[in-house]
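In what follows, chains are A, B, ... by sequence order, proteins preceding strands, each numbered from 1. Because only heavy atoms are used, hydrogens play no part in the values below, and waters and symmetry mates are left out as well, while side chains stay in.
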Amino acid sequence: MDNVLDGIYKKIGTYTGVIKDAVINVEEKEGKVVFSGVSNKNLKDICIEYFDLNRNYEDIKKTLNLVDDNVAKSIEYGSGIRILNQDLWECIISFIISANNNIPRIKKIIERISMKYGKELEFMGKKYYTFPTVEELSKATVQDLRELGLGFRDVRVYETTKKILNKQVDIEKLHSITDSNILREELLKLDGVGEKVADCIMLFSTLKRLEVFPVDVWVRRVMNELYIKAEDENKVNKEQIRKLAEEKYKNLAGIAQQYLFYWKREENKAG
DNA sequence: GTCCAGGGAATCA
DNA sequence: TGATTCCATGGA
């Protein structure tokens with residue numbers, strides 16, 4: 001038996017979706033992990049990279065469990081969480097769209113963008129669409145984006161696409177920047193990218209800065225409830241939250257953020 | 001009809 | 001720097 005493949009199945013379960021230029025299906029058949037899909041690259045390699053399967057999350061969880069009981073509880077709640085290695089360009093556009101928006105609508109907008117400007121792939125009789133490249137999305141006018149339902153974010157996506165296309169910000173070179181502060185400064189040059197979106201891009205893309213701690217409304221809420229305990233959570237300083245996260249979670253703050261975020265949101269849904 | 005959504009940017013002090 | 005306000009859209 002292939003223990004690596006067995007491990008992969010245990011980690012990601014069944015999955016069908018688009019990863020970069022590929023449609024990938026992972027499932028278990030007769031006790032074996034089977035990859036199928038449409039791609040000119042190795043399906044298994046794509047999965048290992050995308051699902052961050054070479055990282056030992058058990059070690060990470062052991063470390064974070066020692067911080068305090070709250071974190072331990074959140075880890076128990078979302079024990080299968082992994083931080084994906086999402087494409088940088090796709091991540092930038094996705095989080096610009098996320099501003100003052102809700103997750104179902106964010107997903108729908110990205111689907112519409114992919115359907116109109118990405119490439120069509122067919123797998124098992126069903127059609128899938130890749131997220132458009134910079135060149136592909138640069139064909140869209142502000143009006144085109146407005147019609148896809150982006151709202152006030154249309155200009156931001158348009159301007160950012162333009163800046164990346166003409167290499168005013170060269171995102172290919174971002175991976176070679178070691179200093180996280182310089183990296184953040186580069187991202188902040190993009191329209192629609194503020195502190196929170198920049199942090200999300202650094203954490204959730206292939207930039208993989210696991211130490212950054214994006215503070216959104218949910219994270220502010222959970223951090224206030226667990227540690228700060230201010231009467232009005234809206235008045236809690238974001239910088240104070242980031243410092244607290246750095247002290248407590250060190251270089252794993254970003255992963256802790258995900259456990260805490262998921263925990264608080266799911267608890268709210270169940271509420 | 002009202003409120004809110006994984007915020008950013010412009011404006012003003 | 002820090003606080004306020006507006007920004008489209010759609011679902012609850």
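- Taking side-chain N and O atoms only, A/R153 has no distance below 4.0 Å to OP1 or OP2 of B/dG8.
- Distance, A/K238 NZ to C/dT1 C1': 15 Å, rounded to whole Å.
- Taking 4.0 angstrom as the limit, A/R105 places none of its side-chain polar atoms (N or O) nearer than this to OP1 or OP2 of B/dA5.
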Below 3.5 Å, can you tabulate the donor-acceptor pairs from side chains in residues 185-193 of chain A to any protein atom, sequence neighbours excluded?
| from | atom 1 | to | atom 2 | distance (Å) |
| --- | --- | --- | --- | --- |
| A/E186 | OE2 | A/K189 | NZ | 2.6 |

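- Within 6.0 Å of OH on A/Y158 lie no more than 12 heavy atoms contributed by other residues, nucleotides or ligands.
- If you check every strand for non-hydrogen atoms under 4.0 Å, A/E147 touches nothing.
- Between A/E239 and A/R242, at least one side-chain N (NZ, or NE/NH1/NH2) sits under 4.0 Å from a carboxylate O, which counts as a salt bridge.
- Nucleotides B/dA10 and C/dA8 are separated by 14 Å at their P atoms, to the nearest Å.
- One side chain, A/T141 or A/D144, offers a donor N or O that lies under 3.5 Å from an acceptor on the other.
- Rounded to whole Å, the P atom of B/dG6 lies 24 Å from the corresponding atom of C/dA3.
- Straight-line distance from the CZ atom of A/R146 to the P atom of C/dC7: 11 Å, rounded to whole Å.
- Sparse packing is recorded around CG of A/D69, with 12 or fewer heavy atoms of other residues, nucleotides or ligands lying under 6.0 Å away.
- Within a 6.0 Å radius of CD in A/E225, other residues, nucleotides and ligands contribute more than 12 heavy atoms.
- Taking atom CG of residue A/N102 and atom C1' of nucleotide B/dA5, one finds them 5 Å apart after rounding to whole Å.
- As rounded to whole Å, 6 Å separates atom C1' of B/dA5 from atom CG of A/N100.
- Taking every heavy atom of residues 206-234 of chain A and every atom of DNA chain B, pairs under 4.0 Å involve A/D216, A/V217, A/W218, by number.
- Remark: P of C/dA3 and CD of A/E239 are 13 Å apart, rounded to the nearest angstrom.
- Distance, A/I201 CD1 to B/dG8 C1': 12 Å, rounded to whole Å.
- In this structure a side-chain-to-backbone donor-acceptor pair under 3.5 Å is present from A/T130 to A/K119.
- A/F95 comes within contact range of no nucleotide atom at all, as no heavy-atom separation falls under 4.0 Å.
- Within 4.0 Å (heavy atoms only), A/E159 reaches no atom of the nucleic acid at all.
- If you take atom C1' in B/dG1 and the same atom in C/dG11, they sit 14 Å apart, rounded to whole Å.
- In this structure, C/dA12 forms a base pair with B/dT2, meeting either the Watson-Crick or the G-U wobble geometry with both donor-acceptor distances under 3.5 Å.
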Extract from the structure each pairing of a protein N or O with an N or O of nucleotides 9-13 of chain B at less than 3.5 Å, listing the distance.
| from | atom 1 | to | atom 2 | distance (Å) |
| --- | --- | --- | --- | --- |
| B/dA9 | OP1 | A/D191 | OD1 | 3.4 |
| B/dA9 | OP1 | A/G192 | N | 2.9 |

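- A/F152 has its CZ atom 13 Å from the P atom of C/dG10, to the nearest Å.
- In this structure, NZ of A/K235 is placed 7 Å from P of C/dT4, rounded to the nearest angstrom.
- A 3.5 Å limit on both hydrogen-bonding distances identifies C/dC6 as the Watson-Crick or G-U partner of B/dG8.
- Between the side chains of A/N100 and A/R153, not a single donor N or O lies within less than 3.5 Å of an accepting N or O.
- The pair A/K73-A/E76 does not meet the salt-bridge criterion, since no charged nitrogen lies less than 4.0 angstrom from a carboxylate oxygen.
- A salt bridge is absent between A/D52 and A/R82; no separation between the charged side-chain nitrogens and carboxylate oxygens falls under 4.0 Å.
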